[in-house]
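Indexing begins at 1, ligand by ligand and atom by atom, following the structure's order.
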Amino acid sequence: MKTHIEKSHFNQATYRGRFAPSPSGELHFGSLLAAMASYADARHCKGHWLLRIDDIDQARVVAGSDRHILTTLEQCGFQWDESVSYQSQCLIQYQEALEELKQAKLTYPCSCSRKQIKAACATLTNKEGIYPGTCRNQSTQFSATIKNSDKSHAIRIKVPAHDISFIDRIQHNYSQNLSRDVGDFIIYRRDNVFSYQLSVVVDDFHSGISHIVRGYDLLDSTPKQIYLQQQLAYPLPHYAHIPLAVTKENLKLSKLSQAKKVDCSLQTLVLAANFLGQKHLNHKDFDNKDDFWRYLVTHWDINKVPKMENQVIMV
Ligand SMILES: [Zn+2]
């Protein structure tokens, strides 16, 4: 099988990083931070840096925003390797991975509505609303019926009872018990969309990504992704999660509708680098953006990135 040949040929010694924005709007300061951290780390390690447009959820796509994001990155001075990939063009790969998980009997169909899950959780005094596995223990007969019926259903993956731990390059030890903290999670949505968790893992594998640098908001998705990587026999990438930019009022920049489009000035780039702990840079010390990038790539130190969830930024 083709995928198995690729799996054994994966070369972990080669650094391959990526930035994967969703085309749901303009590039704002929060995404600039993830782009900068992943880029500086890849280049500092003499690695490749790839761009991927995470457009799996077509309902959230804002037409034309992929072009805007690419133009903004270019104007900021980012240079990416290889052609830009789009999740919407990789559906066959997701389908193959889903089949592999199904074959391994790790999945089951779930037709529970949100309301039913809420009701089931209430009887179990499960305040977190963690899926209680209602459909996991249904008979195979039930699975066959649900599979063949027209009724839409999601596909969930059975999660293990043990802890999944990893060492984040910035946040250090992180551990989660998927069974207790998450529950069997959805890998294929009832509206016929492959879940973020599955698509991101399959994409990173097929692009040979060895290092992932992204925002803290995805830290608690990492154990789910590691679990999927383990089940699909993919190599595990190295992870680093940077703090999120928040306003004085503790509002996440990424969630603010008024979060402004990045202006690509040298001042903004220096502000981002300082936020990432590469202090105490001053835009007056650089002749131009090229000069800034040369400096940042040479002096980049991931150990200086603050080990915290949120950091205040003035907007
Ligand atoms: Zn269910």
Side-chain angles (χ1 to χ4, degrees), residues 3 22 24 54-61 87-88 90-166 174-205 217-234:
T3 44
S22 316
S24 52
D54 276 7
D55 61 347
I56 189 79
D57 192 351
Q58 288 286 320
R60 290 187 59 228
V61 170
Q87 285 190 322
S88 54
C90 303
L91 301 180
I92 288 179
Q93 294 174 1
Y94 309 142
Q95 188 61 48
E96 277 175 8
L98 181 63
E99 283 307 318
E100 210 171 319
L101 297 170
K102 273 187 189 171
Q103 292 298 323
K105 307 222 179 309
L106 289 164
T107 66
Y108 61 89
C110 167
S111 59
C112 300
S113 65
R114 233 172 243 166
K115 212 171 147 189
Q116 286 170 316
I117 296 174
K118 215 175 149 189
C121 290
T123 47
L124 296 167
T125 58
N126 169 353
K127 287 193 198 78
E128 311 284 319
I130 292 163
Y131 182 67
T134 319
C135 297
R136 187 204 259 238
N137 304 318
Q138 303 280 1
S139 63
T140 2
Q141 183 62 39
F142 166 78
S143 297
T145 326
I146 200 172
K147 233 180 263 175
N148 299 327
S149 71
D150 290 341
K151 201 176 161 201
S152 66
H153 64 268
I155 296 173
R156 290 185 185 268
I157 185 157
K158 297 174 193 168
V159 297
H162 62 259
D163 288 3
I164 293 189
S165 310
F166 69 100
Y174 189 79
S175 190
Q176 200 178 50
N177 185 299
L178 292 180
S179 172
R180 187 190 59 219
D181 305 332
V182 178
D184 294 341
F185 59 93
I186 289 176
I187 53 172
Y188 189 74
R189 292 171 14 189
R190 63 192 304 155
D191 57 350
N192 301 319
V193 178
F194 291 97
S195 77
Y196 164 76
Q197 307 297 352
L198 182 67
S199 57
V200 82
V201 159
V202 173
D203 286 326
D204 288 332
F205 166 67
D217 50 339
L218 291 167
L219 183 65
D220 70 352
S221 282
T222 309
K224 292 190 235 9
Q225 294 174 11
I226 290 176
Y227 175 61
L228 288 174
Q229 287 153 356
Q230 288 170 338
Q231 302 320 306
L232 291 161
Y234 293 170

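- Side-chain atoms of Q87 and D203 include a donor-acceptor pair closer than 3.5 Å.
- Between Y188 and F194, the ring planes are perpendicular. Angles over 60° get that label, and only those under 30° would be called parallel.
- Side-chain atoms of Y108 and D184 include a donor-acceptor pair closer than 3.5 Å.
- Side chains of Q229 and Q225: no donor on one and acceptor on the other come within 3.5 Å.
- With hydrogens and angles ignored, the 3.5 Å screen pairs a side-chain donor or acceptor of Q116 with a backbone N or O of S113.
- With rounding to the nearest 0.5 angstrom, the OG1 atom of T222 is 7.5 Å from the OH atom of Y174.
- Within the protein, the number of N, O or S atoms lying under 2.8 Å from the Zn ion (ligand 1) is 4.
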